[in-house]
Amino acid sequence: MAEITVKVVEWEQYPVIEIIRRRVFQDEQKVQAELDLDGKDKFCPQLIAYLDNAVVGTVRIRYLDSKTAKIERLAVLSYARGNGIGKRLMLHALEVIESENIAEVYINAQEYIKGLHQQLGFEQVGEVFLEAGIPHVKMLKKVRS
């Protein structure tokens, strides 16, 4: 059985994160680089997922204010999908957010994967919209009352 680990990483790991995001967002999904690489990464906690010690996924957390966080840039390399890596990244990100006493977290989820986020307690807010030409839904989860 494959071993999956997720860690919050230091800024020095960013080149690896950028490679994963480039492969998933730019190469696979044809998202323009400037839409993904928005200049906010240096100010956001970054998480990396490892599958048997190989880096295969990433996600970032952006704190919008003292009560709200947004989980963004969830990406898993194509060959590693189907192993629960996206779910593990999300669970770890939620743990990090909860440790900061944040009240709510949201994500603009690609529509095809909203079921994963629903399993984690997120609820769809509003209608489907296009972001970078891809159907998304805004999803919200109350972490604290």
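Predicted model, so just to flag it, every value in this text is computed and none were measured.
By the 4.5 Å heavy-atom criterion applied to side chains, L47 and I61 are counted as neighbours. Using a 4.5 Å heavy-atom cutoff, the side chains of M139 and V125 are not in contact. Contact annotation: the side chain of C44 never approaches that of Y63 to less than 4.5 Å [non-hydrogen atoms, C-beta and beyond]. Taking 4.5 Å as the limit, every side-chain heavy atom of E95 sits out of range of all side-chain heavy atoms of E98. The closest side-chain heavy-atom distance from I20 to V56 is not below 4.5 Å. Within the 4.5 Å cutoff, the side chain of R62 has no heavy atoms near those of the I71 side chain. Counting only heavy atoms from C-beta outward, the side chains of L94 and K141 approach each other to under 4.5 Å. The closest side-chain heavy-atom distance from L89 to T58 is not below 4.5 Å.
The distance from atom CD of E72 to atom CD1 of I107, rounded to the nearest 0.5 Å, is 8.5 Å. Distance CG/L51 to OG1/T5: 9.0 Å, rounded to 0.5 Å. Distance check: M90 CE to L120 CG gives 6.0 Å after rounding to the nearest 0.5 Å.
Side-chain N/O atoms of Q124 and K138 include no donor and acceptor closer than 3.5 Å.
Taking a 6.0 Å sphere around CD of E34, one finds it holds more than 12 heavy atoms contributed by other residues, nucleotides or ligands. Taking a 6.0 Å sphere around CG of N53, one finds it holds 12 or fewer heavy atoms contributed by other residues, nucleotides or ligands. The number of heavy-atom neighbours closer than 6.0 Å to CZ of F43, taken from other residues, nucleotides and ligands shown, is 12 or below.
Applying the side-chain hydrogen bond (donor to acceptor under 3.5 Å, both in side chains) test to every pair with at least one member in residues 36-45, sequence neighbours left out, gives these pairs: Y14-D41, R21-D36, R21-D41, D36-R73, D38-R60, D38-R73, D41-Q46, D41-R60.
If you chain together hydrophobic residues whose side chains sit under 4.5 Å apart, Y50 and V16 fall into the same group.
Counting all heavy atoms, side chain and backbone alike, L64 lies closest to Y106 at CD1-CE2, 3.3 Å. Nearest approach of A69 to I102, heavy atoms of both residues: N-CG2, 3.7 Å.
For the pair N83 (side chain) and I85 (backbone), a donor-acceptor distance under 3.5 Å is absent. Using a distance-only test at 3.5 Å, with no hydrogens or angles considered, no donor-acceptor pair links the side chain of E127 to the main chain of F129. Looking at N108, its side chain never comes within 3.5 Å of a backbone N or O of H136 through a donor-acceptor pair.
Salt bridge E28/R81: present, at least one basic N to carboxylate O contact under 4.0 Å.
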